[in-house]
Amino acid sequence: MLNVDCMTYAASEETVGEVAADPRYRHAAVNIVNGVELQKLFDEYRPDAVMHLAAESHVDRSIDGPGVFVETNVTGTYALLEAARRYWQTLGAEAQKAFRFHHISTDEVFGHLELDDPPFTETTPYDPRSPYSASKAASDHLVRAWYHTYGLPTFVTNTTNNYGIWHFPEKLIPLVTINALEGKELPVYGKGENIRDWLFVEDHAEALVKAVERGQPGETYAIGARQPRTNLDVVKTICAVLDELSPDPAGPRERLIRFVTDRPGHDFRYEIDPSHAVKALDWKAKHDFETGIRRTVQWYLDNRHWWEGIRARRYTGQRLGTKA
């Protein structure tokens, strides 16, 4: 397996520590906007499939600096598609038929839902509302265009909010967990009523493997766990688990919750109906939210050295997305 990762601020070598010494694993520190270097990698490693997960993904950062999101998510996807197309055209007929370009995307491209709206499906119209989701929507459209125009066997998966181990501390669940462990305030946007559909990262990884094995060119698969929660519910659940696993002498951690000014353009609700993906990919999420969040919190308790290093050198927990 070749892992192409240019190692941005959010990357950590420790995440691949268990496989780094395996002779079947290679890492190439290449930015996906660099089409020349990508072409060299295709020519050298001659893959059977591409799983395109490379993206700038934090909405708050996209508000502060949208340019890098357009560069990586749009221009980078274009460069990767072109390198894949040129390589694919050199293959024999059977290898061309078997090849897959799997583009991993987000449910945020569909916009937002009101409380009584049905969940997103593969046929929901696109309505992105942040620089991040707009850049991902553009990349989705490019992937489908390369299938329809050039015949490159691409397909798309759209997923809900992921959480779990190795999650960079700028995102809600690790930020709240770490702040609570340090006795710091737990910021909640608005009234905490925004709803997200949560998927444990290991369940998503299983779905992605099933997708690259079974996914059909031109298809779309909406992947979710049917685990919607308000942001406030998520924060309170983390507090309760931490209070049980690592009690704070100062008292229950819900005391640290602070409601802060909402971010610009904050979508109210995301939720996916994964019925098509469950059937087509023979996959179903194994973790309910309570099980997944307990595993996640325990991991952060057991791996303080990792996130303490990040807090000291790369991200101190400061609020992002306030420049609009």
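The analysis underlying the following values was restricted to heavy atoms, covering all of them including side chains, and did not include hydrogens, waters or symmetry mates. The first residue in the sequence is number 1, and the count goes up from there.
P169 pairs with exactly one of V176, I310, T177 by the side-chain contact (heavy atoms from CB on, under 4.5 Å) rule, that one being I310. The side-chain contact (heavy atoms from CB on, under 4.5 Å) with L281 is formed by just one residue from the set E213, R214, E206; it is R214. If you run side-chain contact (heavy atoms from CB on, under 4.5 Å) between V297 and each of I173, L245, L181, only L245 comes through. A ring-ring contact (aromatic ring centres under 6.0 Å, His included) with W299 is found for one member of W166, W307, F200, Y163 and no other, namely W166.
Between R294 and E244 there is a salt bridge, since at least one side-chain N of the basic residue sits less than 4.0 Å from a carboxylate O of the acidic one. Ion pair D117/R269 not flagged as a salt bridge, since none of the NZ, NE, NH1 or NH2 atoms sits closer than 4.0 Å to an Asp/Glu carboxylate oxygen. Using a cut-off of 4.0 Å between Lys/Arg side-chain N and Asp/Glu carboxylate O, D273 and R226 are scored as salt-bridged. A salt bridge links R253 to D243: at least one charged side-chain nitrogen sits closer than 4.0 Å to a carboxylate oxygen. In this structure, E290 pairs ionically with R229, as a charged nitrogen and a carboxylate oxygen lie closer than 4.0 Å.
When the shell of 6.0 Å around CG of D48 is examined, it contains 12 or fewer heavy atoms from other residues, nucleotides or ligands.
Counting heavy atoms from C-beta on, the side chains of F289 and V234 come closer than 4.5 Å.
Sorted by first and then second residue, the ring pair (Phe, Tyr, Trp, His ring centres under 6.0 Å) pairs with a member in residues 17-47 read F42-Y87; sequence neighbours excluded.
Below 30°, between 30° and 60°, or above 60°: for F120 and Y270 the angle between ring planes is between 30° and 60°, a tilted geometry.
Residues satisfying the side chain to side chain contact (heavy atoms under 4.5 Å, CB included) criterion with A10, sequence neighbours excluded, are T8, F168.
For R61 and Y9, the positive end sits near the middle of the six-membered ring, less than 6.0 Å away and at most 45° from its axis.
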